[in-house]
Structure formats: C-alpha cells, structure tokens
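Computed from a predicted model, the values in this text were never measured in an experiment.
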Amino acid sequence: MAVDSPLSSPLGPPACEKDAKALQFIEEMTRNAESVQQRVLAEILSRNAQTEYLTRFQLNGATDRETFKSKLPVITYEDLQPEIHRIANGDRSAILSAHPISEFLTSSGTSAGERKLMPTIKEELDRRQLLYSLLMPVMNHYVAGLDKGKGLYFLFVKSEIRTPGGLLARPVLTSYYKSDHFKTRPYDPYNVYTSPNEAILCPDSFQSMYTQMLCGLLDRHQVLRLGAVFASGLLRAIRFLQLNWRQLAHDMETGSLNSKITDPSLRECIVKTLKPNPELAQFVRHECSKDDWEGIIVRIWPNTKYLDVIVTGAMAQYIPTLDYYSGGLPLACTMYASSECYFGLNLNLMCKPSEVSYTIMPNMAYFEFLPHKPNLDSTGFDFTHELPPKLVDLVDVEVGKEYELVITTYAGLCRYRVGDILRVTGFHNSAPQFHFIRRKNVLLSIDSDKTDEAELQTAVENASHLLREHNASVVEYTSHADTKTIPGHYVVYWELLVKDSTNSPDNDTLEQCCLAMEESLNSVYRQGRVADNSIGPLEIRVVKNGTFEELMDYAISRGASINQYKVPRCVSFTPIMELLDSRVVSAHFSPALPHWSPERSQ
C-alpha cells in the first residue's frame, strides 16, 4: 500500500506500513519540538519532585521552564560525584530519581582517571529501543531491498563490575546487548544479523571476533551491509581477517571449529551450522593471500551496499582507510548517542561523512545549549563579559553557531553538561540538526578513549622521571594519534636535553618511558590496550635538538604571533607532521601492556 512519505527520498513511499508509522512519529516529534520539550521537562520535574536533589533547590513542585532555569545550576560530573558515590555505595533513597537506579552506565569520558558512572533507570531501555526502531525505516527510505539479506555487524560486550552497593556498572551498549530488548528481539527481515547472539555476548574478544568473522564469511553472498559502532572497530575486524584468514579458511574447508573457541554455548552454536565448504575456503585463501587488500570488503562481500559506522568527530580520521578497504562504499552514520542519553538520528543517511548532521529527537530528554566560544573556560564563563552566557532552548538555537550540549534526563541528571561541541546546520521541521564537532578538551583519541592535555602532561612528567638517572630531561613534546596502523596508537614526540652524551638514555629506558606514560593514562585507554585490543603500544619518537624551534618558526611564518605562540600538544597538519618525522632520531614502543582490571580503584 502506498503511503504518503514525510521524508524526501528518491525511493518514494516507505517500504511498509511499519516504516510509515516510524517516519510519521519522527515528523510529529520534530514538528512539535517546542511542545514536546515542555512536556518532557514537566514530566521529569513532576516525577522527581520529591527527590533529594530537586528538593535541595526548592522547586516546590514547580514544573515550568522559568522556575527550573532560575533555580537549578548548570553542572558537570564532578558536581554530582558525591551523590553518585552514595548511590554506588548502596544508598537506595530517592537522591536523583524517584524511580530506582537500575544500574550505572560507564562513560568513555573519565574523571580522575576512572570511567564516569552514569545512573540510569529501567525505562531508559525502552527509550533507547524506540530510537533504534527508527533507524531502519529511515535507511529503507534510501536503500532498497535490505530485507533480502543480512547485516554483518561486529558487536561486542565489554567487562562489567558491581559497585560496593551491588549495582552493575557497564558500558551502555553492553547493557543493551544483554537486555531482553536485544536478546529476545522479534524477527525483523530488515534487521537480520549474520552473528548469533552467542557470538556477540561472548566476553572473550578473540572468540567473539573470530566467530562473528566466520559467520560473516559463511554468509558472504547474503551480506548487504557491514558495520560496527565506530569506524575503528570495523578496521580492527579487517585487521583481524588479515591475521587469521588461514585458520578461518581451514575451519571452512574441514567443517571443524578452531580449538581456541572454548566458550561452551558459543562453540555449540557455531558447530551446528559449520559444514565443510572447500570452495569457500579456497576463495578466502585466494583473496586474502594477495598483497593488495584494496577493495577487500566488496571482493569478499560483493553485495554490500554501505558501511554502517560512526565516522564523525575523532572517527573522521579513519575515512580514507575505510574507503581503501571498501572501494569507496557509502558510509552511513545513523545515530548520535552517549552513556548519558540517546539524542537523535541522521535523516540524510547517504550524505558525505563531512556533511553528517543529527536531528535531535525532542522526546528523549530536555535539551539546552550553552553557546560555545574559544574564550569560554570550564566554568562556562566568557571573560569578555561579566555574566555567563544564557542557555538556549532546543528550538531557539541559531544556524551556524556552536553550542555545548546540556541535558536533563528522566534518570535524574539536571542541567548536566555532556561536553559535546555541536554546530547547528539546519532544521528538520522545528527540530534542529547538528554537526558533531568534537568532545570538549579531548586531545588524543583512537577508539573510545579520550585523553586531554592535562592527562598527557601528567603522563610525560611521570615518564620523564626515568630519565634522571641519565641526567636527561624532556625539553618539549607534542603528540599525534597515528591511525595508519591497525589498531591505531599514540605517538609522542620528545626533544631531550642530555647533559652527558656518554650516558644518553638507551632504548630500554625509553621503552620504559613509553610504558610509564601508558600506566599514567586513564582507565579507558588502558582497557583499550589490555582487554579490547583497540589501541596499539604507545610510541615515543625522539627528535633532534632544535626541532621545536623550527616548529615555532614555521608557525610564525604562517602568521602566528611570536608573543602568543605555544607549542601545540597535539598535531595533525601534514606539513608539521612531515617536519617532525624528518627530525626523528629514534623510535621506541611500549614493551608491555599497562595494568588494567575491571575493578575501579577506590
């Protein structure tokens, strides 16, 4: 049955009645963004009126926007830490939310080197599921026939812990994959995965990746789309194939499963479907043994229509590599979400990665926006004026301007600064669309890790203590996230002052400096190194004396003020990279994994 299409697309009407309802829901929410936001705020304030947090600010049951804004402060995670620690330690009173806190979602952002703990409530799973349910109806509008095949998605669970009070603490996607919403999801021909739940839910990253890749190869002609959460994750899967195709081909040829797959439920699941297929094994050997892996994705999975990965923000650095391996397939960024809240979705899925904009769904939370300027400090004050900037409501943001996202959620976060910097690109009906610019204050990022300038400075200082026995010190440094390798890794350029040339730091010392830096970085980085294999060993490149003076001369030649010049602590501009690399006298890698365990330091 033809249905009037609310979204413009060359495909015309929605694929089915179910899609039509989903697209109509998007239209209703975005047309009525202002009234939806008022309703959401009133619901949040009404249900949480008796919580300790709202009582503290004497709202006295008020649910209007004016009272809310006049009485509640804009806060950061550090402001909430006392309340979060109480909940984590077992206090079950209504501190932030009238509904019981069901678990903590661990953020990729950190505080004092540990993952942030975001309190959540059970009904938030329904809200996340609602946003997920809108993704395929939008995609079906742009790409036809996705019900005729499968998606090869590399999805993983990560480690979880229990807080002293007994609540689970785990990443938001791990929470979702382990929920009944995902595990017992109804059959949907538009959303069939090659990977069985047993493979996705296996906690061992090697066994999970191996079996997901094996299933993807077995179903290679049925695969219509490849995906992972982040671009870096899909590239790790390609690298895994490069390292393991011989064993995978052996399994396909013989119909026997690699003995390293020891998880009982996973092994039982795969063995049931694995049958000898010498022809497929020979094909995989033929393709993977070639030196040239350009276009390997479409060579192995020839019916792939697009890649479903996040390539905005820090992930944009992986676009050229994805294009190389995929032969230039479209890159679809479907949604914008975080541990704190799921925010919105991309309604123009076949656009260029540089043009991706996310439409905020006004039913997900109450949204405010802090005008962002370079001279705003961490408190939100602009020191060119005496008063802090006024927060702007969802429908009142202005195209072309940048804002920091501030949210109020059903789970009890009130006027919470997420830390994401967004630029308004337009509107869908009355709901704004945003381009993700960056995470505030993040200097280096390879995967889900986020390292800021203060953390990098501390790591350099701690590592440089090892130079003292050589009577040497770090004169200057800068850094770069090198994504040419898979997995990517941090590169730190050091210029050393060596006072005794007969006692210069040797390779062993500088390798230990690499490890000391890694030990100093936050737990998300160390988990990526140890458990997730998503980050490679840190590298220190020692440069010739005078290199950083040359760097300053170059910057001044391009218009920088000599009085205001500061050494950039992270570089990516190609001429600067070339200058630094041309001055490297030695390179050293971390010789071991840093310490990491799922337990939080107390």
Side-chain angles (χ1 to χ4, degrees), residues 143 145-146 148-156 192-196 199-200 202 205-228 231-261 266-267 269-309 318-331 483-488 533 536:
V143 181
L146 292 175
K148 304 298 189 292
K150 299 181 180 182
L152 169 50
Y153 281 76
F154 295 97
L155 308 175
F156 304 93
V192 179
Y193 296 143
T194 57
S195 300
I200 294 169
C202 177
S205 60
F206 175 86
Q207 294 184 58
S208 178
M209 177 74 87
Y210 189 93
T211 50
Q212 291 192 61
M213 182 64 76
L214 180 59
C215 291
L217 292 169
L218 294 173
D219 282 342
R220 78 181 195 91
H221 286 297
Q222 296 182 61
V223 170
L224 300 182
R225 52 201 170 108
L226 265 75
S232 55
L234 187 54
L235 290 175
R236 279 203 311 281
I238 298 301
R239 178 60 177 162
F240 187 91
L241 181 59
Q242 287 180 319
L243 296 173
N244 294 280
W245 61 264
R246 291 174 181 84
Q247 181 63 47
L248 287 160
H250 174 269
D251 289 7
M252 289 180 279
E253 184 172 59
T254 62
S256 59
L257 184 59
N258 188 341
S259 60
K260 291 181 180 178
I261 310 305
L266 176 56
R267 189 168 186 89
C269 171
I270 302 299
V271 166
K272 283 180 182 176
T273 59
L274 185 59
K275 302 290 186 289
N277 191 335
E279 184 180 346
L280 177 58
Q282 181 54 35
F283 169 80
V284 169
R285 290 190 183 104
H286 179 261
E287 290 298 333
C288 294
S289 61
K290 295 176 182 176
D291 292 333
D292 183 8
W293 273 51
E294 184 172 4
I296 191 68
I297 289 175
V298 288
R299 280 156 46 190
I300 291 181
W301 296 282
N303 298 316
T304 308
K305 297 173 183 279
Y306 65 93
L307 304 183
D308 185 348
V309 285
Y318 295 106
I319 292 172
T321 312
L322 283 174
D323 286 343
Y324 174 80
Y325 285 126
S326 74
L329 283 173
L331 303 173
T483 56
K484 292 186 178 69
T485 60
I486 302 174
N533 301 312

Quick check: do [X] and [Y] have side-chain heavy atoms less than 4.5 Å from each other?
X      : Y      : result
Arg246 : Ser289 : no
Leu322 : Leu235 : yes
Gln247 : Tyr210 : yes
Lys275 : Leu218 : no
Thr321 : Thr483 : no
Pro196 : Ile270 : yes
Ile486 : Ile238 : no
Trp293 : Leu241 : yes

If we ignore hydrogens and angles and just use 3.5 Å, is the side chain of [X] paired with the main-chain N or O of [Y] as donor and acceptor?
X      : Y      : result
Lys260 : Leu257 : no
Arg225 : Leu146 : no
Asn303 : His221 : yes
Thr304 : Leu224 : no
Trp245 : Glu287 : no

Looking at [X] and [Y], what are the two nearest heavy atoms and their distance?
X      : Y      : answer
Arg267 : Ile261 : NH1-O, 2.8 Å
Pro487 : Gly536 : CG-N, 3.7 Å
Leu226 : Val223 : CD1-CG1, 3.3 Å
Asp292 : Tyr324 : OD1-OH, 3.1 Å
Ser205 : Asn533 : OG-ND2, 3.7 Å
Trp301 : Leu217 : CZ2-CD2, 3.8 Å

Please work out whether the ring planes of Phe206 and Phe240 are parallel, tilted or perpendicular, with thresholds of 30° and 60°.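 Plane angle between 30° and 60°, so tilted.
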Using 30° and 60° as the class limits, which term best fits the ring planes of Tyr193 and Tyr153: parallel, tilted or perpendicular?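 If you compare the ring of Tyr193 with that of Tyr153, the planes turn out tilted.
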Sequence neighbours excluded, which residues qualify as side-chain hydrogen bond (donor to acceptor under 3.5 Å, both in side chains) partners of Ser195?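 For Ser195, the residues satisfying side-chain hydrogen bond (donor to acceptor under 3.5 Å, both in side chains) (neighbours in sequence not counted) are Gln212.
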Interatomic spacing from [atom1] in [X] to [atom2] in [Y] - rounded to 0.5 Å:
X      : Y      : atom1 : atom2 : result
Leu248 : Met213 : CG    : CE    : 7.5 Å
Leu307 : Ile319 : CG    : CD1   : 11.5 Å
Ser326 : Arg299 : OG    : CZ    : 12.5 Å
Glu253 : Arg285 : CD    : CZ    : 4.0 Å
Arg220 : Leu280 : CZ    : CG    : 6.5 Å
Asn258 : Asp251 : CG    : CG    : 5.5 Å

